[in-house]
Structures are given as C-alpha cells and as structure tokens.
Amino acid sequence: METISTFAKKLWCVKKQLILFLTPLILLPLLFGLPEKEGKCLYVVLLMAVFWCTEALPLAVTAMLPVCLFPTMGILPSKKVCPQYFLDTNFLFLSGLVMASAIEEWGLHRRIALKVLKIVGVKPAWLILGMMITSAFLSMWLSNTATTAMMLPIANAILESLFGDLATLKENCKVKDETEGELLSRVKLHALPSEKQILSIDGPDRMERSDGSTAEEIRTESEYQMKVWKGFLICIPYAASIGGTATLTGTAPNLILIGQLKSYFPECDLINFGSWFAFAFPLMVIFLILGWLWISFLYGGLNTRLCVKKQDERAQAEAKAEAVIDEDYRKLGPINFAEGAIAFFFILFAVLLFTRDPKFVTGWSTFFNKGYVSDATTGVIIVSILFFFPSQKPSLSWWFDSRAPNTPYVPLLSWKKAQECVPWNIILLLGGGFAMAKGCEESGLAAWIGAYLQPIAQIPPAVAVMFITAFLACFTEFASNTATIIIFLPVIAELAMFVKVNPLYFMIPATTGCSFAFMLPVSTPPNSIAFASGHLLVKDMVKTGFVMNILGILSVSLAMNTWGRAMFSLETYPDWARPVNMSSTVTDIQFPSVPPFNLTSL
C-alpha cells in the first residue's frame, strides 16, 4: 500500500508532463475517424481545450499553438493564422489596459472607491452596496483582478473598525459554556452590538461590554458578525465579475465575441462599444441589485436595525468606521493635476467610444469614411496622448525663471509602466481565440458540430437561451472564461445558423454567461484572491454562487427578450447571417430540415 501511495505521489508531481505527453496520443483517433479537415481541426481544438483547462502549458503558450499546428496540418496557411493575433479588437483591448494602468499609476481608482463609500455610509447593508457599486464600476475599466485586489484591503480596514480584531471575533464564535467572568477576562469583544447591549468607551480605540451578557449571547452575536464579514468579502469579487460585462473592454469574452462576429459575419456591425454598453449596462445594474439583495439577505446585512439609522450604541462602532474612511480619503489630499488629467482623458475615452456609432443615434464616425474608424482607432488615439501629456501643470513662467528647478519632464504614463501593468499574455490569449475560430470556420468544423446539435432546434428559443447561459456558466467554473468562450462560441454561431435563429440571440448570452463564475475559488482570479484571505470557506462560495448563477441566467434571459430583442432585431434572421459558403460546409451528412425559430411568440 505504501508503494502505491508513493507511486501516486510521484505521478501527481509530473501530472502536467503526463498530460502534455498523453493527450496528443489519446486524441489521435480523431485524425482517422472523421472527415479530414474537420478531424484535424477538432484534434487541435480539443488539444488546446485540455491544455487550457488543466494549464499543462501556460495559457498564452497554448494560445500560440495554432501558429504551428494549423499550417503544418494543412488546416490554415500561416499568412491567415498570424494576423488573427493582432486584429483591431486586440488594439481596443490594449488601449483599455493602458488606460487602466494610467488610472492605477496615479491612484484615481482609490479616490473613486473611498468617495463612493463616504457617500453610501457605514451601515453594513449600505456598505455592501457601496462596495459592489464601486467594484462593478472600476471593473468596467480596470481588470477584475486589480479591482478585487484594491478593494479587499479597504473592506478589511472598515470591517476591523466595525467589529474589531478578526482573531478575537473568531475566538468568540467558539465560546460555548464559559461563564461571563471567564470570558471577559480572556477576551474583549469588539462588536456592532444588538439593541440589548450597551457599550462604554474605554479609550479611543476600544469598546467593552459593560452588561452581563452570557457566553451564548456573545457567541451568537459574534457568529452574526462573522456572517456580515463574509458578506463584505464575497461581494467584491462577485461585483467585479458582474461589472466587467458592462463594457467591451471590461472582460476578454466580450472582445472574443466582437472578433468572432467579424470573422463569421463581416457584414454585422450591430455590436460596438456604444451599442454593447446600452445593452449590457442595464443588465449589469439589474444583476447587481439582485446580487446585493441576495448577499445582504444571506449574510445578515439586510436587516432593519442595520439599514435604518438609530441613535443607540451602534453609533460608536459606525463612527469608527466612518473615521477610517475619512482618514484614508484625507490622506489622498486634494486632487492634483495628474489625477485631474487622467480623469479628463478617462471620461473622454468613454464618451468617444460610446458615441462613435451607438446605433440608436447618429455617431461622430459619420464624419469619416464609412468603415474606416473603429473603436480601436478611438482607443489608441486617447491612450497615445497619455505618453506625452505632462503630469505637472505647465507654467510659462518656468521658461523665464532662471532659479526654477530644471526637473525632468514626466508624462502621465511611461512605456515602462505600461509594459509592467499590461497583461500581454491576455493579448496572446485573445489572438489564440481568434485563430481557433478562423480555423473552425475555414475547416467547416463548427458547421459540422453545429449540425449534430439539431435537437436543440426543438427547444423553445427562450429556454435555449437559458440553457446556453447555464451550460457556459457551469463550464467556466472549472476553466478560464476566455478559454471557455473561445471553445464554444464558434459552435454556437454555427448552431444559430443551422436552426435559422439570429446568431446574436445565442452568442450574447453565451458571452455574458462566461463571466458568471461564482461558485468556486478557482473559477476566477478575483474569487481566488477573496478566498486567499482565509475568512471564506468553499461551501460559502458554493452556497452563494449557486443562487448568483440562477439570478444571472434569469437576468440575461430578461435582457435578451426585452430591450435586447428591440435593439438587435432578434426576432428576424438577418441577411448578414447568410454566408455564401454556408451550404458547402456540411456535405458529408444529410440532416432533416429544421423550421426557423419564431421569436414573435415570446
């Protein structure tokens, strides 16, 4: 038995190497049992899917496999593969990352976060809402990971001011049978107490119970406070994931959707920064409110004694929390020239992207040749200015004052800082996704797989949307959201064409569903960061995340069948979804005809 255990441990140590060696061998039958091009492309797709899901290779390295495998296996020539790694969609993403690095460089994000928390107040339910609003807003422009990493320390500082030391709180939760005297001689409770309890101030930083609370009462109150603490921590990564869906640059799957739409449907120009924001922002707001209600209910923050201001003993703890926020905000000082400049360019960046071609009104792109100016053009113009715009207020008197210090010229952003902050591996990952989609399209693999999914054609369209969203939300719990959408979006596009439904009706829910990874610590980096704090259990995330997934699925279904249907004309099968080569992609197998979906019955 010991020998088997030792051997198993050895195998576990080399699991990645085994995956790299065995996966290509296990998948070899695909090359001989399927049509030639489809089989070869499926071989590469599954190989990359396994490597992505297991991280046997770094994600970016796996993303580059099409560059060597597609040409050598005769799937796609190199001159068609390589350009996929720097489409204009990649430049839009890059410009968003550069803008985010400039915001982080000058601390504007922290000022925004503390200002929102000052506005919402320190009652637990409102603080949870404030943290969710702040995290969601920042995540629209910064990465989900950076947003979570910044917000968690702020949350912990506020929580300690409300409830005291976490170690003491955990110790109080274990108290069962100690007498009052034994307990109070061993620990001091820092609490947000109930109406029955009275606080006396013992120095500026401590609060002690002066009543005769029993051990059971102390334990019950401490457990309640721990629940609220967990609610504070768990709401931040969830809100960051939700907020990223509101803008095209907020999360990688949104950009994958744009890239694959341009690849499959070159004539489709319905989705750009402005139209996506008009659709996704209301969806984000609805989901954020539902998520706040659920988290506040589950973790005790949604309680009248915590939402309604009362002049009682809680005022002392709340005053301390307000003081922490005020002090942190005061330390930032008045807004300086660099922060003001970054704020201006950030607003200009968002406004220009939104108004370029919002679809529901005429955008400024009409002043240029049609199809020449894209969101990428807008983004690169704005972020290029950051590399030469001064971070100090210019002064004409400096030129004529011989005694003025000759300080070096410092722009708002240096290229060195951009290199450090921009996750270049994500750029390659996006490119790998576009290359895979191109290979699936050219080889006919996506059409071949989509035809086998014809039973879904018998499902009512609204149910199909919920099924697609739920499936991808579950799959992305175990795999990167970018890898998930890369793998499934081509198949979903072909499925939509096969059953004659507007492709956007399936592709948009799939894209947003990939961001709904709430149940496991390993699902997303924000979840991992919150879990690494040591205050959350896996069962906490599973219990909370399961209902969050359901709320997300229902929210997406509502959006697609109401304002999404009107914005994108989802009730009709568009002309841009009728590719010339569609009829020639599925030639080996005959399938019965399938009637088109009728969305007007919804």
Side-chain angles (χ1 to χ4, degrees), residues 14-28 30 39-70 73 75-76 81-82 84-85 87 89-90 93 143-145 241 244 251-257 259-260 263 423-441 443 445-446 449 468 471-493 507 510-517 519-528:
V14 295
K15 60 182 183 299
K16 290 188 176 182
Q17 288 76 10
L18 289 175
I19 292 170
L20 289 172
F21 177 74
L22 294 177
T23 305
L25 298 179
I26 294 172
L27 296 177
L28 275 179
L30 294 175
K40 290 179 178 179
C41 189
L42 183 60
Y43 178 85
V44 176
V45 169
L46 291 180
L47 187 68
M48 293 175 67
V50 171
F51 288 172
W52 267 329
C53 294
T54 61
E55 295 190 27
L57 283 176
L59 296 180
V61 176
T62 302
M64 292 189 290
L65 289 181
V67 176
C68 56
L69 294 181
F70 278 177
M73 298 180 72
I75 300 170
L76 208 61
V81 178
C82 293
Q84 304 301 315
Y85 285 81
L87 300 174
T89 306
N90 299 68
F93 188 51
S143 74
N144 301 352
T145 306
S241 295
T251 187
N254 297 351
L255 292 163
I256 294 288
L257 170 66
Q260 296 203 7
S263 175
W424 300 99
N425 59 318
I426 302 298
I427 302 290
L428 287 174
L429 193 57
L430 283 175
F434 297 147
M436 178 188 284
K438 190 70 174 176
C440 291
E441 178 192 5
S443 67
L445 173 64
I449 295 176
I468 290 171
F471 174 76
L472 291 183
C474 291
F475 192 91
T476 197
E477 298 287 353
F478 307 96
S480 157
N481 59 356
T482 306
T484 300
I485 199 65
I486 287 171
I487 294 167
F488 288 104
L489 204 55
V491 176
I492 291 170
M507 296 174 77
T511 303
T512 53
C514 281
S515 296
F516 297 164
M519 291 177 61
L520 297 174
V522 298
S523 300
T524 64
N527 289 8
S528 300

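Thr23 pairs by the side chain to side chain contact (heavy atoms under 4.5 Å, CB included) definition with Ile19, Leu27, Leu47, Val50, Phe51, not counting sequence neighbours. Remark: Leu42 engages Leu30, Leu34, Leu46, Leu445, Ile449 in a side chain to side chain contact (heavy atoms under 4.5 Å, CB included) (not counting sequence neighbours). With sequence neighbours excluded, no residue forms a side chain to side chain donor-acceptor pair (under 3.5 Å) with Asn481. Phe471 meets the ring-ring contact (aromatic ring centres under 6.0 Å, His included) test with Phe488; sequence neighbours excluded. Legend: residues meeting side chain to side chain donor-acceptor pair (under 3.5 Å) with Asn527, ordered by chain and number and at least two apart, are Thr524. For the side chain to side chain contact (heavy atoms under 4.5 Å, CB included) test, residues two or more places apart in sequence or in another chain that qualify with Cys68 are Leu65. The side chain to side chain donor-acceptor pair (under 3.5 Å) search around Ser263 returns Glu441, not counting sequence neighbours.
Between Ala517 and Thr476 the shortest heavy-atom distance is CB-CG2, 3.7 Å. The heavy-atom pair separating Gly244 from Asn254 by the smallest distance is O-ND2, 3.4 Å. Closest approach of Gln260 to Gly433, counting heavy atoms only: NE2-O, 3.8 Å.
Side-chain atoms of Phe93 and Ile427, non-hydrogen and from C-beta on, do get closer than 4.5 Å to each other. Side-chain contact between Met48 and Pro66 is present, with at least one heavy-atom pair separated by less than 4.5 Å. Within the 4.5 Å cutoff, the side chain of Asn90 has heavy atoms near those of the Leu87 side chain. Counting heavy atoms from C-beta outward, Thr511 and Ile485 have side chains that approach closer than 4.5 Å. In this structure, the side chains of Tyr85 and Leu430 stay at 4.5 Å or more apart for every pair of heavy atoms.
Atoms CD and OG1, on Glu477 and Thr484 in that order, are 10.0 Å from each other to the nearest 0.5 Å. Atom CG in Asn144 sits 7.5 Å away from atom OG in Ser515 (nearest 0.5 Å). The structure places CG of Asn425 at 10.5 Å from CE of Met64, a figure rounded to the nearest 0.5 Å. One finds the CD1 atom of Ile487 at 11.5 Å from the CD1 atom of Ile492 (value rounded to the nearest 0.5 Å). Between the CD1 atom of Ile75 and the CE atom of Met436 there is a distance of 10.5 Å, given to the nearest 0.5 Å. Cys41 SG to Met73 CE: the interatomic distance, rounded to the nearest 0.5 Å, is 9.0 Å.
The backbone N or O of Pro24 lies less than 3.5 Å from a partner atom in the side chain of Tyr43, making a donor-acceptor pair. Remark: the backbone N or O of Gly439 is paired with a side-chain donor or acceptor of Ser443 at under 3.5 angstrom. With Ser528 contributing its side chain and Pro521 its backbone, the two residues share a donor-acceptor pair below 3.5 Å.
Counting only residues at least two apart or on different chains, no salt bridge (charged side-chain N to carboxylate O under 4.0 Å, His left out) pair has a member in residues 16-27. Judged as a side chain to side chain donor-acceptor pair (under 3.5 Å), not a single pair has a partner in residues 45-62 (not counting sequence neighbours). Legend: salt bridge (charged side-chain N to carboxylate O under 4.0 Å, His left out) pairs involving residues 429-439, not counting sequence neighbours, sorted by first then second residue: Lys438-Glu442.
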